[in-house]
Amino acid sequence: MSTQKDIEEPSYLDYKGKYRGIFSWILSTDHKRIALLYLFSILAFFATGATLGLLMKFELIAPGKTIMTAQTYNAFFTLHGIIMIFAVVIPGLPAVFGNFLLPIMIGAKDVAFPRLNLLSWYFYVMGVSLVLISQFTGQGPPDTGWTFYAPYSFRTTGNMLPAVFGAFVLGFSSILTGLNFLVTIHRMRAPGMKWLKMPLFPWTLYATGWIQLLATPIIGITLLMIIAEKTLHIGFFDPALGGDPILYQHLFWTYSHPAVYIMILPAMGAISEIISTFSHKTLFGYNFMVASSLAIAFVGYFVWGHHMFTSGMSSTALYAFSLLTFLVAIPSAIKVFNWIATMHKGSIDLQTPFYWAMGFIFVFMIGGFSGLILGSLATNIHLHNTHFVLAHFHFIVFGGTGFAFFGAMHYWYPKMTGKMYDSRWANIGLFLFLTGFIVLYGTMFYLGYKGMPRRYYDYDEIFHTGNIISTMGSWVLYSGLGIIIINLFASLKSGAKAPSNPWGGKTLEWSVPSPPPVENFKEIPVVTKGPYSYK
Amino acid sequence: MKTIENEKNHIIPYKTFLFVLAGLIVLTLTSVTLTRISLGTLTVTIALIIAAIKSTFVLRIFMHLKFENKMFSIALIGVVLLLCAVITITLLDYLNR
């Protein structure tokens, strides 16, 4: 693979197109600019969701009312959930890093449908705007939690419909992105890039694309059914109208569990890239890594019922879902073993992205193992709807996706911006982030095990000490987060110029200049070797 | 590799489209007529079979699946099987509750 340093085209950041100023961004169909549109939108919504989380933790520092009423707390955890799930972690890695890197990593000039790509960003912004509008209109903000469970979601006086419709519109954004990526991967790989010569990150985007395309319409229809039930009084889910509330849970989780894999699969892909690059070693068990990505996507479709063990499902379904839940752990474990085997006897370069990858494996393992505890029928009865569940999914969703997102950010930052960042501050930020994360969410395992329920703004005195520790953890975590983000923004101005391949990576994105030119490649490369061709 | 640039377009004669359209209308009328006859539990099964036949026509002729790479047919069959699996698992709850 030859480097293209001699390329004379302006970078995508300097390119003077048809439009100027803000219009050169919001009307651009360049996949790299759209990726940055997503990045800044997601960061803004993440800051909103994180602030709500910080305030909720502050409320829980002492029993009784501290800084907000019970109703405000209900509205806060609902909005926190909707924003963080639908607007941050689901689009996070695919929409930002997938958009920016997928075409470059497979040797293409753009995605298959550039205009559709921009449209999906508009759907994204419209969806989140609708969710935010629901907070300030009607008879008060929604208070159902991000799951909109029936029958409460039909009876609450909270302003449900804009929030539900917002989530529906966000689903369109996700479907269009998934479709675009699938077609891009099928049709636009560079000559010579056969399926098993494709890097792991595009492979995980491929598996994710199928989930986005096949699972998201289910939640779309379900949310429309809520709207029909609430406005036209058709009895789908409300028992008072002859509906079945458990059917709602089935439909909701048929999407929302695979959605966990929309979040985590690209995260695993990014971690695979980082570990291979910083170990200077071919990814161990590449074929099994590919197969496990597809297996996670496939088996992930059939485990949704483990969110419903206490809902009143039949015992036959309970056993089936518990068994299937244990099965999905197998491909996840294959990935972890292969990451470790990749590092074994590698020439490890201890840089910031590598530390993030290690943090990812650590928190993902804890999240994964606690998932097995929840997947067991007997222990689930005790732990259901407690802080243990909160701890588990924050370890998986925020830990898994968050660590991979920031790992990917530090890995591909030089490529995306053309600047290097201050790695000392980046490492300090990571250390605080990891410490705060473990204190904040680790304590929740204990609180949940002792019986503290989730979604309560008040608690018994026996949970006080745990809550103080957990709240303090949130301060440490947010300090780390602040340092990380300030460092990345400051480096845009003061960072040293990044070379085209600062880490010695072997995949195609490292063969183009940093930042890449508008059409990525002067000439479409011909791929002759595998993606991790270390000697 | 088959790419966007080198793929061929298939032109289907209007006559074929009209035949398929007529077939779809006949099947729709059959479906509606059958709702007036009491067939017990078979009603839903027959309605679904007719709907499946209609979908197959639309996919193969109108959506050109017949002329496309076999990969697309395999992907479609995979998706249908996935849907069947999801419905079967859901029925594990409903039939045993």
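If you take CD1 on Ile89(B) and NE2 on His250(A), they are separated by 10.5 Å, rounding to the nearest 0.5 Å. In this structure, the separation between CG on Asn96(B) and OH on Tyr319(A) is 12.0 Å, given to the nearest 0.5 Å.
Closest of all the heavy-atom pairs between Leu82(B) and Phe298(A) is CD1-CE1, 4.3 Å.
Chain B forms the most heavy-atom pairs under 4.5 Å with one residue out of Trp210(A), Phe321(A), Trp304(A), and that residue is Trp304(A).
Counting non-hydrogen atoms of other residues, nucleotides and ligands closer than 6.0 Å to CZ of Phe62(B) gives a total above 12. Within 6.0 Å of CZ on Phe236(A) lie more than 12 heavy atoms contributed by other residues, nucleotides or ligands. Heavy-atom neighbours of Tyr149(A) OH from other residues, nucleotides or ligands within 6.0 Å: above the threshold of 12.
Between Leu213(A) and Val79(B), every side-chain heavy-atom pair lies at or beyond the 4.5 Å cut-off. Between Leu247(A) and Tyr94(B) there is a side-chain heavy-atom pair separated by less than 4.5 Å. You'll find the side chain of Arg97(B) reaches within 4.5 Å of the side chain of Asp244(A), heavy atoms only.
Heavy-atom distances place no part of Ile218(A) under 4.5 Å from chain B, backbone and side chain included.
Checked by atom type and distance alone, the side chain of Ser314(A) pairs as donor or acceptor with a backbone atom of Leu92(B) at under 3.5 Å.
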